[in-house]
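Take a look at the structure set out below.
Proteins get letters first, then strands, A, B, ... in listed order; numbering begins at 1 in each. Quick note: numbers below take in every heavy atom, side chains included, and nothing from hydrogens, waters or symmetry partners.
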Amino acid sequence: MAEFIQGLGLPEALATFIIILIKIVAILMPLLLALAYLTFAERKVLNYFQARVGPLHVGPRGWLTPIADAIKMLFKEIIIPSGANRFLFLLSPVLAFGPAMAAWAVIPFDAELLLADVNAALLYVLALTSFAVYGIILAGWASNSKYPFLGAMRSAAQVVSYELAMGFALVGVIMAGQSLNLREIVLAQQGGLWMWFWLPLLPLFVIYFISGLAETNRPPFDLAEGESEIVAGYQVEYSGISFGLFFMAEYANMILISVLTSLMFLGGWLSPFEGIPYLEEWFAWVPGIVWLLLKTSFFLLLFLWVRATFPRYRYDQLMRLGWKVLIPITIVWLILLGGAIVGEVGPWFD
Amino acid sequence: MGFEQFVFYVFAGLLLFAGAMVITVRNPVHAAMFLVMTFFTSAGLWLMLEAEFLAITLVLVYVGAVMVLFLFVVMMLDINLVPLREGFMRYLPVGILVALAMIIMMGLVVGPEFGAHPVPERHGPDYNNTAELGSILYTVYVYPFELAAVILVVAIIAAISLTLRRRPLVKHQDPDAQIAIRKQDRLRIVKMDSEKK
């Protein structure tokens with residue numbers, strides 16, 4: 001494909017540009033499809049958890065439901081409340097959705113299969129995910145309405161708090177992987193199931209996933225929405241596709257957190273049977289991206305499972321968990337980890 | 001003009017535009033958003049200088065954390081702008097004087113250096129600015145670095161101790177006590193014979 005475009009006789013800069021554009025489409029199209037079907041999966045999984053059947057009627061066994069939902073959202077009217085700040089009201093869904101897509105630029109799907117091999121990839125992802133909160137805050141403020149504003153305030157405080165725990169967990173990954181580059185972090189985990197970072201960084205792994213739940217405003221940390229207290233939080237005044245963008249941003253962020261967790265703690269595209277006799281050879285034909293997708297799906301299931309299982313946190317409990325439990329644990333573990341790396345504790349750091 | 005220069009001028013122009021908007025725009029939330037834009041464009045300029053670590057940290061710290069808190073405060077305050085603008089003409093001469101002094105000072109500091117150094121060489125794609133920065137920070141400048149860290153910790157502790165106060169009338173949950181509860185502390189199972197008809 002790349003050779004074909006380069007052979008067309010276009011100027012080199014333009015050819016490179018077109019190749020990058022094609023790669024972006026190749027990442028984003030499956031991603032958009034995946035997040036449409038993640039909404040379907042969520043409804044189905046929640047329904048089975050609650051002994052119901054879920055969407056059945058659109059298409060064979062309900063499989064066209066997300067498509068119908070998307071069409072419905074596209075054709076609904078966008079209502080702008082009177083007294084709303086029109087520009088920011090329409091900008092904020094874009095600000096929520098944009099970073100959720102842009103972060104995929106540095107995600108490696110296999111040792112060679114990635115768009116941008118950036119040195120500071122992990123920092124880039126962290127910076128972009130921290131930017132997503134602007135969409136929510138501005139939506140709450142620009143709506144000129146009480147419930148959205150309360151939701152926005154909750155979300156701002158929550159995201160800033162949990163970002164610290166998340167950042168500290170990432171510092172642990174950087175220390176263990178000796179790199180900020182996601183590809184090199186995965187390659188540092190070679191050597192089988194027990195060499196993946198989930199084991200030496202177990203508390204950080206758990207904390208990263210919990211902060212991921214909080215960062216994406218998913219239950220049990222969905223206080224920014226909290227429909228029993230503040231109706232639906234920051235998205236009360238949104239309708240049609242402007243609501244749809246928030247909705248899609250949330251699911252895209254879920255997939256992003258799941259992929260990042262699999263890359264940083266579960267060895268990314270590495271086979272789980274590495275180093276095990278027979279099993280390793282039997283599964284050698286499986287391409288790396290399949291393992292990555294399987295691990296990602298597992299974390300996505302965990303997202304839905306948590307939603308089906310736990311009640312919502314109360315606001316002060318949420319803050320306590322973030323500041324008084326998660327952050328101290330990460331700091332203590334970082335010190336222990338530093339000692340383990342300096343002392344070359346095997347089998348991970350020798 | 002090469003492509004790189006073009007990108008530079010786009011970022012520089014946007015930076016100046018956004019910076020000017022921060023101080024002229026009427027709505028404080030808009031001003032904060034323009035400040036976010038200036039951070040982004042200056043991060044873009046730093047990226048062009050191969051300082052990717054600093055650029056991303058700028059976005060991460062200032063856009064991701066500082067400006068969120070800033071926006072938080074600006075939104076909560078119902079700022080009335082009219083009294084803020086009243087003394088504008090009165091303070092204008094002083095303002096111009098301060099601005100001139102700043103420009104002259106910057107000219108004196110930067111001026112002799114301007115163009116005195118050769119253009120730094122472009123590094124290859126293998127060059128890792130983050131690693132370079134880390135190695136120099138933890139070897140040559142390790143004591144100033146540690147000192148800055150100590151000062152930050154002192155500031156954090158001071159800030160926390162300033163806001164720490166006991167409020168006796170507020171009800172608090174004690175999670176440790178909640179978890180420590182056992183069944184026999186709370187629950188008594190009574191055996192009763194079933195009633196006879």
Return yes when atom [atom1] of [X] has more than 12 non-hydrogen atoms of other residues, nucleotides or ligands closer than 6.0 Å, and no otherwise.
| X | atom1 | result |
| --- | --- | --- |
| B/Y62 | OH | no |
| A/F87 | CZ | no |
| A/F89 | CZ | yes |
| A/F97 | CZ | yes |
| A/R314 | CZ | yes |
| B/E4 | CD | no |

Interchain contact, [X] with chain B, by part (heavy-atom threshold 4.5 Å):
| X | answer |
| --- | --- |
| A/I137 | both |
| A/N181 | neither |
| A/F131 | side chain |

Notebook entry, point to check: So B/L60 and A/S130, side chain to side chain contact (heavy atoms under 4.5 Å, CB included) or not? Walk me through it.
Noted result: CA-CA 7 Å; B/L60 183 61; A/S130 71; 4.0 Å; yes
Check: Do you know which two heavy atoms are closest between B/G64 and A/E163, and how far apart they sit?
Finding: O-OE1, 3.8 Å
Margin query: For a quick test of reading the model, state the closest non-hydrogen atom pair linking B/E52 to A/A120 and the distance between them.
Written below: CG-CB, 4.1 Å
Check: Once you round to the nearest 0.5 Å, how far does CG of A/L126 lie from CD1 of B/I56?
Finding: 10.0 Å
Note to self: Set out, in order, the CA-CA distance, both residues' side-chain angles and the distance that settles side chain to side chain contact (heavy atoms under 4.5 Å, CB included) for A/L138 and B/V29, then state yes or no.
What the structure shows: CA-CA 9 Å; A/L138 288 175; B/V29 174; 4.0 Å; yes
Note to self: Please determine whether side chain to side chain contact (heavy atoms under 4.5 Å, CB included) holds for the pair B/V68 and A/V159, giving the CA-CA distance in whole Å, both sets of side-chain angles, and the decisive distance to 0.1 Å.
What the structure shows: CA-CA 10 Å; B/V68 173; A/V159 169; over 6 Å; no
Notebook entry, point to check: For B/L71, is it the side chain, the backbone, both, or neither that has a heavy atom closer than 4.5 Å to a heavy atom of chain A?
Noted result: side chain
Notebook entry, point to check: Which one, B/V59, B/V63, B/L58, leads in non-hydrogen pairs under 4.5 Å with chain A?
Noted result: B/V63
Margin query: Quick one: does any side-chain atom of A/Y134 pair with a main-chain N or O of B/V36 as donor and acceptor, under 3.5 Å?
Written below: no
Item checked: Validation row: A/L95, B/M33 side chains within 4.5 angstrom (heavy atoms) -> yes
Note to self: Walk me through whether B/H30 and A/L88 qualify under side chain to side chain contact (heavy atoms under 4.5 Å, CB included).
What the structure shows: CA-CA 9 Å; B/H30 288 180; A/L88 286 180; 3.6 Å; yes
